[in-house]
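Read through the structure below, which is laid out as structure tokens, and then see the notes.
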Amino acid sequence: MDGFVIVETRLIASLLHILQEVTMTTVRFAPSPTGYLHVGGARTALFNWLYARNTGGKFILRIEDTDVKRSTQAATQAILDGLMWLGIDWDEGPYFQSERLPIYQEYAQKLIDEDNAYYCTCSVDELDEQKKQAISIGRAAGYDRRCRDKGAKQGVLRLKAPIGNTVFHDLFRDRFEFDNSLIGDFVLVRSDGMPTYNFTCAVDDALMGMTHVIRGDDHIPNTPKQLLILAALVFNPPRFGHLPLILGTDKSPLSKRHGAVSVMAYQEQGFLPEAMVNYLALLGWSTTDSQQLFSKEEMIKKFSLKRITKNPAVFDMEKLQWMNGVYIKQANPEKLANLCREFTSQKGKIGDIQLEEIIKLYQGRIKVLPEIYQLGDFFFSPEIHIPEKICQEVLSMSGVEEVREILTETKKVLSALEIFNPDTIEQAIRTMAERLGIKAADIIHPLRAVLTGKKVSPGIFEVAALLGQEMVVQRIEGGLCMVR
RNA sequence: GUCCCCAUUGACUAGGGGUUAGGUCACCACCCUUUCAAGGUGGCGGCGGGGGUUCAAAUCCCCCUGGGGACGCCA
């Protein structure tokens, strides 16, 4: 009996395994290497990746480089870099379509053999003319199929679109129905033998076992075309889902004029990949409770296609910055210090003095990493400049003589300290204030001005301690000259 | 010109026949406080318009308006 149970359990397990194999989610990100990974592409990649990880499926990276003129290796690398920076890893690939040409040839031949495709010899000018005419008589602008029955043996290869409608159900919206006659007999293979996007995409999605194709809105018109190819080739179609676009603040599609669109530009500006991913995930996806901050694990666990919205989202820099600030605040200072050093080397600044300690002081105050070099510039150079404005507003605030006395006394008190840390400094200052019968703030403000050259800084006791006793004394002396 | 998509505060969104229309960013105020942040508390502000259906519409249907996309030997 026991043996039977074991056998039965094993049987169920292996059946489940097979079932899982058959139904395993397979998705992909299929960019064309014609530029950097942009925010919209990154969001598309992220959603596919999240879905794959959520379902325990497979995420494939495929480079669609059939446009030889525009594709570059640098762009491919930039896309890979962008994905890696965001922490989006792939299980297969990258596949390059340019290396799969024989496969597409094979299927093109199949379409020809089965009378589902034909050669067209129309020139570009002729096609233009056809388009103009179609529009002038109020028809859909498209190829008029004049070469369908010519029996040409060369030219571009076109699909023979059947009469009827092509229907599909979108993952995020309703039913789509397209009239095949409006789709037209589109090009599958160029006259130079290079296959086109719609053809390679359809073939690869089928061959690579894609269960879901999640891509941008702009591909909606391509979907019926690919469905037609799939049908002609007798492949099972994947499920399609079209993500709404990401817009700029003026509601037009996000582009360079809205600021940075390249994902790597955000790295250069001092954003953390975790924040970027978190923000991107919220552009079109949400949970019922409107949770905002997610760890990667949490995001994977909670991700669901059902909760993707169909309306386009405006990319909001302010919220991204807020989120980045939150991630910086929570990050490990050592990790941040390493990131900051990259910025210093880029900008030619020196930042070796206890960078980690400085970061701790600024973690809760900055939105992007490089801000630390503006707000905390007085930490990074021995000399500081006290702007005239600060001199007037702070150093002569309660009377020049009084400030002079306060600073002189402060210098004396602080240089007498044997242990120089935030606590001892604070104690010394407060004691001094009490002794002189003034407010601690009356000491703190001038002290801040002479130590930092600013009216705003982290807690002055921490700042002073980090600067070190010698530097503090030196800066008070320097500041004293400015009190006049 | 033809086809198609979208519509909740300034932004991201929840809600999908009966809710004081909820959360987050931003903004404002107050608290905390050595300044600035952070944090805490509170506040401002919204269902694009018009018709239906219904006892009841942000929610369902239609029209309009607005925004966007596609119509390549680009992807």
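Each chain gets a letter, A, B and so on, in the order the sequences are listed, and its residues count up from 1.
- Closest to the side chain of A/Arg365, out of B/C25, B/U35, B/A11, is B/U35.
- The aromatic ring centres of A/His385 and A/Phe378 sit 6.0 Å or more apart.
- Aromatic pair A/Phe29/A/Phe59: ring centres not closer than 6.0 Å.
- Following rounding to the nearest Å, A/Gln97 (CD) and B/C74 (C1') show an atom-to-atom distance of 13 Å.
- Taking the side chain of A/Val456 as heavy atoms from C-beta on, and the options B/C6, B/G69, B/C36, the nearest nucleotide is B/C36.
- The P atoms of B/C3 and B/A11 are separated by 31 Å, rounded to the nearest whole Å.
- Residue-level contact check: A/Pro458 touches the bases, meaning some heavy atom is under 4.0 Å from a base atom.
- No contact: A/Lys69 has no heavy atom under 4.0 Å from any strand.
- A salt bridge (Lys or Arg N to Asp or Glu O under 4.0 Å) check over residues 302-312 of chain A, counting only residues at least two apart or in different chains, returns the pairs A/Glu298-A/Lys302.
- For A/Glu426 and B/U33, the CD to P distance is 12 Å, given to the nearest whole Å.
- Of the side-chain N and O atoms in A/Lys225, none sit less than 4.0 angstrom from OP1 or OP2 of B/C71.
- Residue A/Pro312 is in sugar-phosphate contact alone, with no base atom involved, counting any heavy-atom pair closer than 4.0 Å across all strands shown.
- Residue contacts shown for A/Ser457 include a base, since a base heavy atom lies under 4.0 Å away.
- As a whole-Å value, the separation of A/Phe240 CZ from B/C4 P is 19 Å.
- Remark: aromatic rings of A/His212 and A/Tyr51 are close, center separation under 6.0 Å.
- As judged by a 4.0 angstrom heavy-atom cut-off over every strand, A/Ser71 is placed among residues making no nucleic acid contact.
- The distance between atom CD of A/Glu371 and atom C1' of B/A38, rounded to the nearest whole Å, is 14 Å.
- Minimum atom distance to the side chain of A/Lys131 is reached by B/G72, of the listed B/C25, B/G72, B/U35.
- Rounded to whole Å, atom P of B/C71 lies 16 Å from atom CZ of A/Phe176.
- Taking the P atoms as reference points, B/U65 lies 36 Å from B/U20, given to the whole Å.
- For a distance-only test at 3.5 Å, the side chain of A/Lys319 qualifies as a donor-acceptor partner of the base of B/U24.
- For the C1' atom pair drawn from B/U41 and B/G49, the interatomic distance equals 39 Å after rounding to whole Å.
- Contact annotation for A/Thr309: backbone-only contact, meaning every heavy-atom pair under 4.0 Å involves sugar-phosphate atoms and none involves a base.
- Between the C1' atom of B/A14 and the CD1 atom of A/Ile308 lies a distance of 16 Å, rounded to the nearest Å.
- Annotation: B/G18 and B/A38 have their P atoms spaced 38 Å apart (nearest Å).
- Using a 4.0 Å heavy-atom cutoff across all strands shown, A/Ser290 reaches at least one base atom of the nucleic acid.
- A/Thr196 contributes no side-chain N or O that forms a donor-acceptor pair with the base of B/C73 under 3.5 Å.
- Between the CG atom of A/Leu280 and the P atom of B/U24 there is a distance of 22 Å, rounded to whole Å.
- Checking B/C25, B/A75, B/G15 against every side-chain atom of A/Glu318, the shortest atom distance belongs to B/C25.
- Ranking B/C3, B/U34, B/A75 by closeness to the A/Leu182 side chain, first place goes to B/C3.
- In this structure, A/Arg43 is positioned above the aromatic face of A/Phe47, its NZ or CZ under 6.0 Å from the six-membered ring centre and within 45° of the axis.
- Using a 4.0 Å heavy-atom criterion, one finds that A/Gly184 contacts no nucleic acid atom at all.
- The pair A/Lys335-A/Glu274 counts as a salt bridge, with a side-chain nitrogen and a carboxylate oxygen less than 4.0 angstrom apart.
- For A/Arg307, the side-chain atoms get nearest to B/A14 when compared with the rest of B/U34, B/A14, B/G68.
- Taking atom P on both nucleotides, B/A56 is separated from B/U19 by 14 Å, rounded to a whole Å.
- On the P atoms, B/G69 is 27 Å away from B/C47, given to the nearest whole Å.
- Within 4.0 Å (heavy atoms only), A/Val187 reaches sugar-phosphate atoms of the nucleic acid but no base atom.
- For A/Ile460, the listed nucleotide lying nearest its side chain is B/U34; candidates were B/G39, B/U34, B/A7.
- Using a 4.0 Å heavy-atom cutoff across all strands shown, A/Lys329 reaches sugar-phosphate atoms only and no base atom.
- Looking at A/Asn222, its side chain comes within 3.5 Å of the base of B/A75 through a donor and an acceptor atom.
- Taking atom C1' on both nucleotides, B/G68 is separated from B/G48 by 16 Å, rounded to a whole Å.
- Pairing of B/U19, defined by two Watson-Crick or G-U wobble distances under 3.5 Å, is not identified with any nucleotide.
- A/Ala440 comes within contact range of no nucleotide atom at all, as no heavy-atom separation falls under 4.0 Å.
- In terms of heavy atoms, A/Val156 sits closest to A/Ser191 at CG1-N, 3.6 Å.
- When heavy atoms are screened at a 4.0 angstrom cut-off, A/Glu64 is found touching the sugar-phosphate backbone but no base atom.
- With B/G23, B/C73, B/A7 as the choices, the nucleotide that has an atom nearest any side-chain atom of A/Asn311 turns out to be B/A7.
- Taking only side-chain atoms of A/Val314, from C-beta outward, the nucleotide of B/C12, B/C73, B/U34 with the closest atom is B/C12.
- Counting non-hydrogen atoms of neighbouring residues, nucleotides and ligands closer than 6.0 angstrom, the CD atom of A/Glu177 exceeds 12 such neighbours.
- Nucleotides B/C27 and B/G10 have their P atoms positioned 16 Å apart, rounded to a whole Å.
- In this entry B/A70 has B/U2 as its Watson-Crick or G-U wobble partner, both defining distances falling under 3.5 Å.
- Here B/G42 sits opposite B/C28 as a Watson-Crick or G-U wobble pair (both hydrogen-bonding atom distances under 3.5 Å).
- Checking the phosphate oxygens (OP1, OP2) of B/A14, no side-chain nitrogen or oxygen of A/Thr288 falls inside 4.0 Å.
- Here B/C3 is the nucleotide among B/A26, B/A75, B/C3 with the atom lying nearest to any side-chain atom of A/Phe178.
- At a threshold of 4.0 angstrom between heavy atoms, the contacts of A/Leu245 are confined to the sugar-phosphate backbone, with no base atom among them.
- Applying ring-ring contact (aromatic ring centres under 6.0 Å, His included) to A/Phe294 and the options A/Trp285, A/Phe303, A/Tyr279 leaves one that passes, A/Trp285.
- Residue order along RNA chain B, read from the 5' end via each residue's closest nucleotide, puts A/Arg175 first among A/Glu462 and A/Arg175.
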